[in-house]
Undergrad: 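Pasting a structure here, questions to come.
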Amino acid sequence: MAETGKLLETIPAEEQKTYDIIVIGGGPCGCTAALYGGRAGLSVLVVEALAPGGQMATTDRVDNYPGYPDGIGGFELAEQMKAGAERFGAEFASGEVKKVELGGKIKKIYTNSKEYWGRSVIAATGASPRELGLPRERELRGRGVSYCATCDGMFYRGKEVAVIGGGDTAAADAVYLSRICEKVTLIHRRDTLRASRAYLEPLKACGNVKILWNTVAEEILEKDGAVRGLRLKNVSSEESSELMVDGIFVAVGNVPNSALFAGCLRLDDNGYIMADSTTRTAVQGVFAAGDVRRKSLRQIVTAVSDGAQAALAAEEYIASQF
Ligand code: NAP
């Protein structure tokens with residue numbers, strides 16, 4: 001963990017270390033940017049609010065990352081990516097970035113307690129699970145509502161749960177939870193899954209996963225402050241029903257973690273940072289990479305690719321400006 005950040009109002013400016021690259025976010029994109037930056041001989045700091053790995057670290061099994069023919073655990077891959085960056089000298093600091101000042105030649109990054117300086121910044125803040133927006137969803141988070149099957153699935157061993165969504169995450173969650181839970185009901189608002197074909201056979205092979213098609217959740221049913229079920233509506237027949245479950249796993253896509261940059265970088269209508277394919281934003285020395293950048297495909301491999309590209313763009317920028 002880096003100790004070189006300036007404790008707010010305690011270290012004189014002349015003692016503040018200025019990194020070549022500050023990467024905000026330690027997911028696969030951030031770790032790769034750090035590896036490439038460090039390997040190019042640049043000083044790199046990665047600031048990460050939680051554990052490195054981002055969403056990947058909460059994935060039970062990654063089976064489409066090249067080089068792992070038998071698949072690999074998301075957490076394990078995250079640790080390996082961090083170790084790879086550290087091998088080339090990248091430093092990691094934990095802290096949630098609260099404020100950025102990106103306009104000047106020296107960029108300033110603030111967490112609650114520290115200030116970091118960099119010649120360039122790579123925004124690699126990724127995305128977070130989208131909420132359903134149902135009443136009491138937030139207050140029941142951790143009391144039956146979860147956004148991470150691999151993190152929380154074990155709390156529902158032998159119980160009945162629902163997974164809401166029809167994409168890769170929902171399908172993967174349903175397959176994962178079927179191994180732990182008594183019964184899994186996958187609730188999808190349409191009559192076909194968005195999930196890739198690779199998930200269809202594993203889903204079919206689970207004897208305890210039932211799919212409710214054309215169905216949306218309208219209300220979370222609660223008793224004594226914990227989830228007891230869902231009120232559902234079939235969008236074709238308009239019929240309402242109740243489903244009794246102990247846990248609800250929400251897997252309805254992601255929203256970009258871009259609020260931090262709202263005042264200084266251009267965002268598209270969905271909140272993704274606008275940057276070109278080399279990851280350059282409209283602000284000099286600031287690059288946006290990985291799932292937070294506007295692009296068409298968001299996978300671990302594309303996050304990794306963006307990270308390498310961003311490090312190269314930052315290296316070129318530093319060579320031209322400093
Ligand atoms: P996603 O692909 O955006 O799918 C979100 C799903 O949630 C869709 O089925 C969508 O329905 C549904 N949905 C969205 N809003 C909803 C709402 N308000 N109420 C009910 N349902 C709603 O998200 P994801 O599955 O999290 O995947 C995100 C990205 O990560 C994708 O690029 C995916 O390929 C990738 N990923 C890859 C893997 C892997 O390759 N192993 C694993 C996980 C995720 P509609 O289908 O009707 O739009």
Side-chain angles (χ1 to χ4, degrees), residues 27-29 53-78 124-138 145-151 153 162-177 184-203 209 211-220 230-236 243 248-257 268-272 289-306:
C29 173
Q55 292 202 93
M56 178 181 73
T58 67
T59 303
D60 173 45
R61 201 95 199 130
V62 175
D63 63 4
N64 56 356
Y65 192 71
Y68 295 95
D70 301 321
I72 180 169
F75 185 77
E76 190 186 348
L77 186 54
T125 42
S128 296
R130 177 183 287 126
E131 295 176 350
L132 285 166
L134 292 177
R136 284 184 293 190
E137 182 177 351
R138 284 197 181 166
V145 174
S146 169
Y147 300 82
C148 177
T150 45
C151 315
V163 175
I164 302 177
D168 284 341
T169 305
D173 285 358
V175 172
Y176 173 74
L177 290 166
V184 179
T185 305
L186 179 59
I187 298 162
H188 184 36
R189 63 185 179 182
R190 291 190 295 123
D191 62 358
T192 46
L193 292 178
R194 178 179 296 277
S196 70
R197 294 169 65 96
Y199 284 108
L200 301 185
E201 283 307 315
L203 261 182
V209 176
I211 305 183
L212 291 182
W213 303 104
N214 299 311
T215 302
V216 294
E218 288 200 311
E219 185 187 346
I220 301 173
L230 282 163
R231 184 181 311 284
L232 304 173
K233 188 171 99 178
N234 184 303
V235 292
S236 306
L243 176 73
I248 301 163
F249 289 86
V250 180
V252 295
N254 298 307
V255 287
N257 297 323
D268 73 5
D269 291 345
N270 296 316
Y272 291 98
D291 281 10
V292 77
R293 179 169 80 85
R294 186 169 81 156
K295 58 180 183 172
S296 57
L297 183 62
R298 293 188 175 84
Q299 299 279 302
I300 300 170
V301 285
T302 61
V304 159
S305 160
D306 260 21

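In this text the structure is predicted, and so the values were computed from the model without any measurement. Just so you know, ligand 1 is whichever comes first in the structure, and atom 1 is the first atom listed for that ligand.
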Undergrad: Is there any N or O on G167 that sits under 3.5 Å from an N or O of ligand 1?
TA: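 Yes - when backbone and side-chain N and O of G167 are compared with those of ligand 1, one distance drops under 3.5 Å.
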Undergrad: Do me a favour and list the nearest non-hydrogen protein atom to atom 48 (O) of ligand 1 with residue, atom name and distance?
TA: R194 NH2, 2.7 Å
Undergrad: Provide, to 0.1 Å, the distance between atom 32 (O) of ligand 1 and the closest protein heavy atom, together with that atom's residue and name.
TA: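 I find the closest protein heavy atom is R298 O, 3.2 Å.
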Undergrad: Of the protein's non-hydrogen atoms, which lies at the shortest distance from atom 33 (C) of ligand 1, and what is that distance?
TA: D168 OD2, 3.4 Å
Undergrad: Using only atom types and a distance under 3.5 Å, with no angle test, would you say the side chain of R294 pairs donor to acceptor with the backbone of D268?
TA: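 Not confirmed, R294 side chain does not pair with D268 backbone.
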Undergrad: Can you name the nearest heavy-atom pair linking A162 to L230, along with the distance?
TA: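 Closest pair (atom of A162, atom of L230, distance): CB-CD1, 3.9 Å.
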Undergrad: State the atoms of ligand 1, each with its element, that fall below the 4.0 Å cut-off from a heavy-atom position in G166.
TA: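 In order of numbering, the contacting atoms are 6 (C), 7 (O), 8 (C), 9 (O).
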Undergrad: With a 4.5 Å limit on heavy-atom distance, are the side chains of I164 and V252 in contact?
TA: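 Yes, close enough: below the 4.5 Å cut-off.
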Undergrad: Are the side chains of K295 and D306 in touch, meaning some heavy atoms are under 4.5 Å apart?
TA: yes
Undergrad: Indicate yes or no for a side-chain donor-acceptor contact from T125 to the backbone of N257 under 3.5 Å, with no hydrogens or angles considered.
TA: yes
Undergrad: Does ligand 1 have a heavy atom under 4.0 Å from the side chain of N254, from its backbone, from both, or from neither?
TA: side chain
Undergrad: Below 4.0 Å from any atom of ligand 1, is there a heavy atom belonging to Q55?
TA: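 Outside the 4.0 Å threshold, so no.
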Undergrad: Identify the closest protein heavy atom to atom 40 (O) of ligand 1: which residue and atom is it, and at what distance?
TA: N64 ND2, 2.6 Å
Undergrad: In the protein, which heavy atom is nearest to atom 19 (N) of ligand 1, and how far is it?
TA: L132 CD2, 3.9 Å
Undergrad: For R190, I'd like to know if atom CZ has over 12 heavy atoms of other residues, nucleotides or ligands within 6.0 Å.
TA: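 Correct, the count exceeds 12.
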Undergrad: Is any side-chain heavy atom of T59 less than 4.5 Å from a side-chain heavy atom of I300?
TA: no
Undergrad: Counting heavy atoms only, which of Q299, R61, R189 comes nearest to atom 17 (C) of ligand 1?
TA: R189
Undergrad: Any chance you could lay out the side chain to side chain contact (heavy atoms under 4.5 Å, CB included) test for Y199 and L193, step after step, and finish with the verdict?
TA: CA-CA 10 Å; Y199 284 108; L193 292 178; over 6 Å; no
Undergrad: Within the 4.5 Å heavy-atom criterion, are V62 and Y68 side-chain neighbours or not?
TA: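 They are not in side-chain contact.
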Undergrad: Would you kindly specify which portion of Y199 sits under 4.0 Å from ligand 1, judged on non-hydrogen atoms: side chain, backbone, both or neither?
TA: side chain
Undergrad: One residue to check: A251. Relative to ligand 1, which of side chain, backbone, both or neither has a non-hydrogen atom less than 4.0 Å away?
TA: backbone
Undergrad: Does R136, at its CZ atom, have more than 12 non-hydrogen atoms belonging to other residues, nucleotides or ligands within less than 6.0 Å?
TA: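 Enclosed.
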Undergrad: Geometry only, no angles: is I164 polar-contacting ligand 1 at N/O separations under 3.5 Å?
TA: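 There is no such contact.
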Undergrad: Students should be able to answer this: which protein heavy-atom is nearest to atom 3 (O) of ligand 1, and at what distance?
TA: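 Minimum-distance protein heavy atom for atom 3 (O) of ligand 1 reads G253 CA, 3.9 Å.
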Undergrad: Return the residue, atom name and 0.1 Å-rounded distance of the protein heavy atom closest to atom 47 (O) of ligand 1.
TA: R190 NE, 2.7 Å
Undergrad: Would you mind finding which of V252, D63, V301 brings a heavy atom closest to atom 21 (N) of ligand 1?
TA: V252
Undergrad: Tell me whether T169 has any N or O atom under 3.5 angstrom from an N or O of ligand 1.
TA: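 In this structure, T169 places an N or O atom under 3.5 Å from an N or O of ligand 1.
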Undergrad: Is there a side-chain contact between Y65 and L77 (heavy atoms, below 4.5 Å)?
TA: yes
